[in-house]
There are 2 protein chains.
Amino acid sequence: MKDKLISCSTGFPAVSAETVGELLERSGVKPTAQRLAIARVLAGACCHWSAEQVGDVVGAEVSRATVYNTLNLFVEKGLLREVVVSQEKVFYDTNTALHHHFYGVDDGHLMDIPLEQLPIAALPPLPAGVVLDTVDVVVRVRRG
Amino acid sequence: MKDKLISCSTGFPAVSAETVGELLERSGVKPTAQRLAIARVLAGACCHWSAEQVGDVVGAEVSRATVYNTLNLFVEKGLLREVVVSQEKVFYDTNTALHHHFYGVDDGHLMDIPLEQLPIAALPPLPAGVVLDTVDVVVRVRRG
DNA sequence: CTAACTGCAAACGTTTTGCAACTTT
DNA sequence: AAAGTTGCAAAACGTTTGCAGTTAG
């Protein structure tokens, strides 16, 4: 695991390796060795991760249970966004800004859609007694 | 299990009990006793079902494995739409027309949004080599 | 010293699968 | 007889949890 980071265009804050710990602390997460290892992976090139992928990349440094716990913690602390596109796997998106997704149903691949490319003209009136959480738009595509 | 059907405003075709079999045959599904039992349940009052709910309602008439197999078959044949809102459960929507959903994250409840209440002004250009499958919009709401 | 965190393994709930038995034509 | 369908139990999958041991302030 390298300390050097490749910044992600719209992803996990493109922080330098030295400030990953600060980022966690700023978010109320105690920066342990395992959490730092996971955070460094997430700050890498790709924006969409499954728990399995993260676990494979961090390797034996971190147990699978800790990978799951940590990803859930990061979601809770606003460092990651959960993307639900298929029942068989959750994706974690390092880009927490509002945006949408292409999902390739054949290959399970996920791609960002910038907000302005899929403008929603109006939201429907919300049912009584609830508040808006998020609007998730998934454009499912398949090989043509 | 009654044979009488309560039609669903926008759901599984509001067919009479006598024609459920015809509907299956028209869709290329051999109308066996178990499939008819499930189809009759789906043609009932509610539009959104989990596999578990369907299994509970049809009861011992149909084994759980057959419930899952049949729901997947119905999706494949275009009689149902799969709605993925959480990794822990798939919903089956008897309304196969294009429309969107409210999802109550607290109670796991699903509600239709008519297409005209959530107009999408423009779709982004699709990546090369793929064709559009569906556009799924989930408006997540929570208790305010 | 205490509180928080980790790893392991076992549990979990949903869904799928293998196979023998049973329909249906 | 052949083809398709069913039920059961067991497996598979991703994920969570209980608990004992470890680490950090």
Side-chain angles (χ1 to χ4, degrees), chain A residues 1 20-22 24-25 27-41 48-77 79-93 103 105 108 110, chain B residues 1 20-21 24-25 27-41 48-77 79-93 103 105 107-108 110:
Chain A
M1 202 55 40
V20 170
E22 291 169 22
L24 295 190
E25 270 176 347
S27 306
V29 176
K30 200 181 285 187
T32 66
Q34 290 84 348
R35 288 168 179 178
L36 282 168
I38 292 171
R40 278 192 220 102
V41 169
H48 304 118
W49 295 87
S50 68
E52 193 190 10
Q53 290 171 330
V54 174
D56 288 351
V57 174
V58 294
E61 288 183 46
V62 186
S63 81
R64 204 50 47 123
T66 300
V67 170
Y68 280 103
N69 291 339
T70 301
L71 291 174
N72 285 339
L73 179 67
F74 284 2
V75 169
E76 195 185 305
K77 297 298 186 178
L79 287 164
L80 288 177
R81 172 140 92 97
E82 238 177 4
V83 184
V84 181
V85 284
S86 98
Q87 78 268 30
E88 62 217 11
K89 201 170 280 183
V90 185
F91 284 93
Y92 295 92
D93 194 335
Y103 179 65
V105 295
L110 209 55
Chain B
M1 202 57 38
V20 170
L24 296 190
E25 269 176 349
S27 305
V29 176
K30 199 181 283 187
T32 66
Q34 290 84 349
R35 289 169 178 177
L36 282 167
I38 292 172
R40 279 193 219 101
V41 169
H48 304 118
W49 295 87
S50 67
E52 194 191 10
Q53 289 170 332
V54 174
D56 287 351
V57 174
V58 294
E61 289 183 46
V62 187
S63 80
R64 202 51 47 120
T66 300
V67 170
Y68 280 102
N69 291 338
T70 301
L71 291 174
N72 285 338
L73 179 68
F74 283 2
V75 169
E76 193 186 305
K77 297 299 186 178
L79 287 165
L80 288 177
R81 173 140 92 98
E82 238 177 4
V83 184
V84 180
V85 285
S86 99
Q87 78 268 31
E88 62 218 8
K89 200 170 280 182
V90 185
F91 284 92
Y92 296 93
D93 194 335
Y103 179 64
V105 296
D107 55 6
L110 209 55

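To find a chain, count down the sequence lines: A is the first, B the second, and so on, and within it residues start at 1.
Each of D:dT6, D:dC8, C:dA9 was ranked by its minimum atom distance to the side chain of B:Ala65; first place goes to D:dC8. Of all nucleotides listed (C:dT6, D:dT6, D:dG14), C:dT6 comes nearest to the side chain of A:Thr32. For B:Ser63, counting side-chain heavy atoms from C-beta on, the closest listed nucleotide (C:dA4, D:dG7, D:dT17) is D:dG7.
A:Leu24 has its CG atom 16 Å from the C1' atom of D:dA24, to the nearest Å. We find that CD of B:Glu76 is positioned 15 Å from C1' of D:dT5, with the value rounded to whole Å. The CD atom of B:Glu25 sits 12 Å away from the P atom of D:dT5 (whole-angstrom rounding). The nearest whole Å value for the distance from the CG atom in B:Asn69 to the C1' atom in C:dC19 is 14 Å. B:Leu36 places its CG atom 13 Å from the C1' atom of D:dT5, with the value rounded to the nearest Å. Between B:Glu52 atom CD and C:dG13 atom P the separation is 10 Å, expressed in whole Å. Atom CH2 of A:Trp49 and atom P of D:dG14 are 17 Å apart (whole Å). B:Leu73 has its CG atom 12 Å from the C1' atom of D:dG4, to the nearest Å.
Across all strands shown, B:Arg35 has heavy atoms under 4.0 Å from sugar-phosphate atoms exclusively, and none from any base. Among the heavy atoms of the strands, none lies under 4.0 Å from A:Gln87. Within the 4.0 angstrom heavy-atom criterion, only backbone atoms of the sugar-phosphate kind lie near B:Asn72; the bases stay farther away.
Judged by distance alone, the side chain of A:Ser86 and the main-chain N or O of A:Glu88 form a donor-acceptor pair under 3.5 Å. Counting only distance, with no hydrogens or angles, the side chain of B:Thr70 and the backbone of B:Thr66 share a donor-acceptor pair below 3.5 Å.
Nearest heavy atoms, A:Gln34 versus A:Glu61: CG-O, 4.1 Å.
Phosphate contact (OP1/OP2 of C:dT14, side-chain N/O of B:Lys89, threshold under 4.0 Å): present.
Between B:Gln34 and A:Tyr68, it is B:Gln34 whose nearest contact on DNA chain D lies nearer the 5' terminus. Taking the nucleotide of DNA chain C with the nearest heavy atom to each of B:Ser50 and A:Ala33, the more 5' of the two is matched to A:Ala33. Looking at which nucleotide of DNA chain C each of B:Arg64 and B:Lys30 is closest to, the 5′-most match is held by B:Arg64.
Side-chain contact between A:Leu80 and A:Phe91: absent, with no pair of heavy atoms (C-beta onward) separated by less than 4.5 Å. Side-chain contact between B:Leu24 and B:Arg35 is present, with at least one heavy-atom pair separated by less than 4.5 Å.
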